Protein chains: 2
Amino acid sequence: MYRYREIYSDIKRDILTNHYRAGTLLPTQEILTEKYAVSRLTLKKALNLLADEGLISSKQGSGTYVRPRMDNQTGELLPLDIPIGVTYSHRDQKISSQVLYFNARLPNAKEQQNLQIEASQPVYEIKRVRLVNDQKYSYEHTIMPVTIAPLDETILQGSVYDYLGTYAKIQLTDARRVVYAEGADQETASALDLAVGAPTFAIEQIAYDQKGRAFEYSVSRFTSERSKFVLDIHLNRLY
Amino acid sequence: MYRYREIYSDIKRDILTNHYRAGTLLPTQEILTEKYAVSRLTLKKALNLLADEGLISSKQGSGTYVRPRMDNQTGELLPLDIPIGVTYSHRDQKISSQVLYFNARLPNAKEQQNLQIEASQPVYEIKRVRLVNDQKYSYEHTIMPVTIAPLDETILQGSVYDYLGTYAKIQLTDARRVVYAEGADQETASALDLAVGAPTFAIEQIAYDQKGRAFEYSVSRFTSERSKFVLDIHLNRLY
DNA sequence: TAGTGGTCTAGACCACCTG
DNA sequence: AGGTGGTCTAGACCACTAC
């Protein structure tokens, strides 16, 4: 474990337990370096992590403020910037999948472009309904090059990302998401028990691994009543 | 200007012009420190900025890779993580506003909670239709404490954020956005010339200034055909 | 003017990957 | 075993804010 991560966790705990109160100044960097017996750079790395999360904000000449915290009533809200699959977002909930379609074919033009592959390179096509506590939750249409890893229906019941990580050493490190509202078409409506034209929330995602290869292109549609997403934005970081 | 920012810009240009080609290794950090005549820390700050943007990814022991770039066909797509108002997102486009409602009143319970204010502290209530190239684009319902800055209808024609920055020295540094799909209600439908029940994309936003004060709570609804949003996610950064 | 955070250096050691 | 990136130090100077 790294020293700056320890300090980060320590100060974070002190903020979250109101030992350092919102709106007040943190001790100066000099005092904190003495407290933790580290150099100023190491301390600043820890503070940068806290600033990334929006917990503090520093101002040259005046000091480092503890920011009031946003309400974390993230009960029903799903974080939009953590694309680790529905599985992780709903910890403590029962997750399952119905595989409606599973096959392989050649990619169309849009899929070739999004996955950076040739027309001759086959892809898996997967359609799944995801359920949370046995309630229909989202309808996913996924395209994945077959060269990434062999798939079968058993794997598709669980978390594909977990399987890719252990089997093919592929980690999702980057993703591009395009989000929009859309009226349900015939296929989506029947998969999610909605009326045709009912509003759905769509997330179109291209997932990239640690080497920058696109390994998945998917469109997920969510029922609008049950699904709101949250995104926290922090612009105060310079470096 | 800071040295690490110069180096960041320099290397970024070299990547974007394919001087450093995607998939290849960058020169070692030692060589780059010699090239720019800086310490390794300064160079690493520059590299961290590039990693933040997903342009490179470093691996201990092997080197720093130039990542293949995602397509930047951001023509119609609006970035979801830059909440600087529609004004900036649509540069080169003609932006205007129709103020449908403007008044002051006491806040309800939800507004008090979101803006962290007392029930006795009055707020402005604003309803605007935003137009891009004279086409109706979004319908915004905004709540703002009157103590932040005095507003009038003239200001509301333009960019409120610009006004707050110059007049009240308030900068938007953090925001929480909740996004979801919703069928248009009567009011939204008539404001945007939609049918009741037509799918809309909603962004509910709480904006915070540099001191962590909430200064705006708003709900913006977008017509679904014209509005898709993009969000690039990078998980490869440790610190 | 004093105090704060922001930047930068030169050098050291460690962890990890590839031959 | 050699080379790479990741961490950390001790100290210096600069930029900004407050009084």
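Predicted model, so just to flag it, every value in this text is computed and none were measured.
Comparing C:dT4, D:dG5, D:dC8 by their nearest atom to the side chain of B:Gln29 picks out D:dG5. Listed nucleotides: D:dT4, D:dC8, C:dT4. Nearest to the side chain of B:Thr28: D:dT4.
Between C:dT7 and B:Thr42, no contact under 4.0 Å exists linking OP1 or OP2 to a side-chain N or O. Within the structure, every side-chain polar atom (N or O) of B:Lys44 is placed at least 4.0 Å from both OP1 and OP2 of D:dG5.
Distance A:Leu25 CG to D:dA18 P: 10 Å, rounded to the nearest Å. For B:Tyr8 and C:dT7, the OH to C1' distance is 18 Å, given to the nearest whole Å. Whole-Å rounding puts the A:Lys45 NZ to C:dG6 P distance at 16 Å. In this structure, B:Asn48 atom CG and D:dG5 atom C1' are separated by 11 Å, rounded to whole Å. As rounded to whole Å, 11 Å separates atom C1' of C:dG3 from atom CD1 of A:Ile31. Nucleotide D:dG6 holds its C1' atom 15 Å from the CD atom of B:Glu30, rounded to whole Å. Here C:dT4 presents its C1' atom at 14 Å from CD1 of A:Ile56, a figure rounded to the nearest Å. Rounding to whole angstrom units, CG of residue A:Leu32 and P of D:dT9 are separated by 14 Å.
Checked against side chain to side chain donor-acceptor pair (under 3.5 Å), A:Lys12 has the following partners two or more places apart in sequence or in another chain: A:Tyr8, A:Glu53. For B:Ser39, the side chain to side chain donor-acceptor pair (under 3.5 Å) test picks out B:Thr42, with sequence neighbours left out. The side chain to side chain donor-acceptor pair (under 3.5 Å) search around B:Ser96 returns none, not counting sequence neighbours. A:Glu125 meets the side chain to side chain donor-acceptor pair (under 3.5 Å) test with A:Arg105, A:His141; sequence neighbours excluded.
For the pair A:Glu111 (side chain) and A:Asn108 (backbone), a donor-acceptor distance under 3.5 Å is present. In this structure, B:Thr173 contributes its side chain and B:Asp209 its backbone to a donor-acceptor pair below 3.5 Å.
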Base versus backbone protein contacts along nucleotides 14-19 of chain C [heavy-atom cut-off under 4.0 Å; B, S, -]
-BBB--
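Annotation: A:Gln121, atom CD; neighbour count of heavy atoms from other residues, nucleotides and ligands within 6.0 Å is above 12.
With ring centers used as reference points, A:Phe102 lies under 6.0 Å from A:Tyr124.
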What pairs of nitrogen or oxygen atoms, one from the protein and one from nucleotides 10-12 of chain D, lie under 3.5 Å apart?
none

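With respect to B:Arg177 and B:Glu204, no salt bridge is recorded, no charged nitrogen being found less than 4.0 Å from a carboxylate O.
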